[in-house]
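Following: one structure in structure tokens, then a few remarks.
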Protein chains: 2
Amino acid sequence: MSDNNNNHLVLEKFLPYRLSYLTNIISRSLARLYSEKFDINPHEWRIMANLYRYPNISAAETGEKIAMDKVAVSRAIKSLCDKGLLHKIFSKEDRRRSVLNLTKEGADMYQQIEPLVTCYEDSLLQSLNSQELSQLDHLLSKLTSHVTED
Amino acid sequence: MSDNNNNHLVLEKFLPYRLSYLTNIISRSLARLYSEKFDINPHEWRIMANLYRYPNISAAETGEKIAMDKVAVSRAIKSLCDKGLLHKIFSKEDRRRSVLNLTKEGADMYQQIEPLVTCYEDSLLQSLNSQELSQLDHLLSKLTSHVTED
DNA sequence: TGAAATAAGTTTCATTTGTAACTATAATAA
DNA sequence: TTATTATAGTTACAAATGAAACTTATTTCA
């Protein structure tokens, strides 16, 4: 029997590779659901989803909530404003802080996108039974808290 | 009680977002293990890992094995060749096909990197018990085959 | 006070990445 | 044979991303 690969890393079994492969396919599939039709990118979609839930927050708060770099947030916000999907003002109390809200058009668009996206998630979740779903939830939480520990 | 978020997408519970968040942290941590010290990027590292295991394969076969775009493969191969880590010739039988191999320097470097990387994977895996490990393996396989179905 | 430090957001520049077009070779088929 | 199509790999150009510098506003504290 061949001992060639003994003790050596096999990419297809390597957790970071497997996670990255799965995540990339899912992210691309998800983006395809809205990118062509609505002309927004994943950063923009995440910001819209977050603002739909938490109106009136600043760019910095947005970035913190969705783990996005402040430069990426700034660019996505600019793009969303240019498209008339987002309204930005600066706070009276602290004129550095932005106050962000979806416009009517932005909220309407978001409402059209949301079912497409949740439907895609449902198709993922429906490939698992209820036990597997709770295991997945548990494992993601456990791994995530492990890698984010100080 | 607030009904605000009923039926609405919550990013922190959304599977594609959770996967992407976890994967990004892991990918960055992994890259940090070798990028500064050995001056290679994740594409280059994956190609090295694959060639260490499967010598004498072509760029196209490499790309297929590690799910990497042919342009990305071409660029990473060029960079590895420039650094003297990879040796590329073209096949006698089919002069379009490349035949790739790590150089002595490339193989030596890979052997230094591999334990760093497997050690990081071990730290991830050791945060789970044996039951969770087999659940994780099962879930990743199941989700991956679900999303790669035609 | 007001000088220094901090914070929010933007801009700039270099690097990376993705898509499409291109070159060269090989396979197919009229 | 030779015209067409397909394949391997590279190049070129545009878009996306990341790091650092910058602007403006606020806070800290000597």
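The chains referred to below are lettered A, B, ... by the order of the sequence lines, with proteins before strands, and numbering in each begins at 1.
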Rounded distance (Å) that lies between atom [atom2] of [N] and atom [atom1] of [X]:
{"X": "A:E93", "N": "C:dA7", "atom1": "CD", "atom2": "C1'", "result": "16 Å"}
{"X": "B:M68", "N": "D:dA8", "atom1": "CE", "atom2": "P", "result": "17 Å"}
{"X": "B:R97", "N": "D:dT10", "atom1": "CZ", "atom2": "C1'", "result": "17 Å"}
{"X": "B:N41", "N": "C:dT16", "atom1": "CG", "atom2": "P", "result": "7 Å"}
{"X": "B:K70", "N": "C:dT17", "atom1": "NZ", "atom2": "P", "result": "18 Å"}
{"X": "A:D39", "N": "D:dA15", "atom1": "CG", "atom2": "C1'", "result": "13 Å"}
{"X": "B:D82", "N": "D:dT10", "atom1": "CG", "atom2": "P", "result": "11 Å"}
{"X": "A:L80", "N": "C:dT10", "atom1": "CG", "atom2": "P", "result": "12 Å"}

What's the closest nucleotide to the [X] side chain, out of [options]?
{"X": "B:A60", "options": "D:dA8, D:dT10, C:dT19", "answer": "D:dA8"}
{"X": "A:D94", "options": "D:dA8, C:dG18, D:dA25", "answer": "D:dA25"}
{"X": "B:D69", "options": "C:dA8, D:dA8, C:dT19", "answer": "C:dT19"}
{"X": "A:S98", "options": "C:dG9, C:dT11, D:dT10", "answer": "C:dG9"}

Kindly say if B:S74 contacts the phosphate of D:dT10, meaning a side-chain N or O under 4.0 Å from OP1 or OP2. yes
Residue met sooner reading DNA chain D from 5', once A:H43 and A:R95 are mapped to nucleotides: A:H43
Using heavy-atom distances to pick each residue's nearest nucleotide on DNA chain D, tell me which of A:R96 and A:R75 is more 5'. A:R75
To the nearest 0.5 Å, atom OG of B:S74 lies from atom NE2 of B:H43 at 12.0 Å
Hey, does B:V71 reach any base, or is it just sugar-phosphate, or nothing, if we go heavy atoms under 4.0 Å? base
Relative to each other, are the rings of B:W45 and B:Y34 parallel, tilted or perpendicular (30° and 60° limits)? parallel
Considering the options A:I57, A:L85, A:N101, A:I77, which one meets the side chain to side chain contact (heavy atoms under 4.5 Å, CB included) requirement together with A:L51? A:I57
Check whether A:L128 and B:F14 end up in the same hydrophobic cluster, where Ile, Leu, Val, Met, Phe, Trp and Tyr are linked by side-chain heavy atoms less than 4.5 Å apart. yes
Side chains of B:R28 and B:S35, donor plus acceptor under 3.5 Å: no
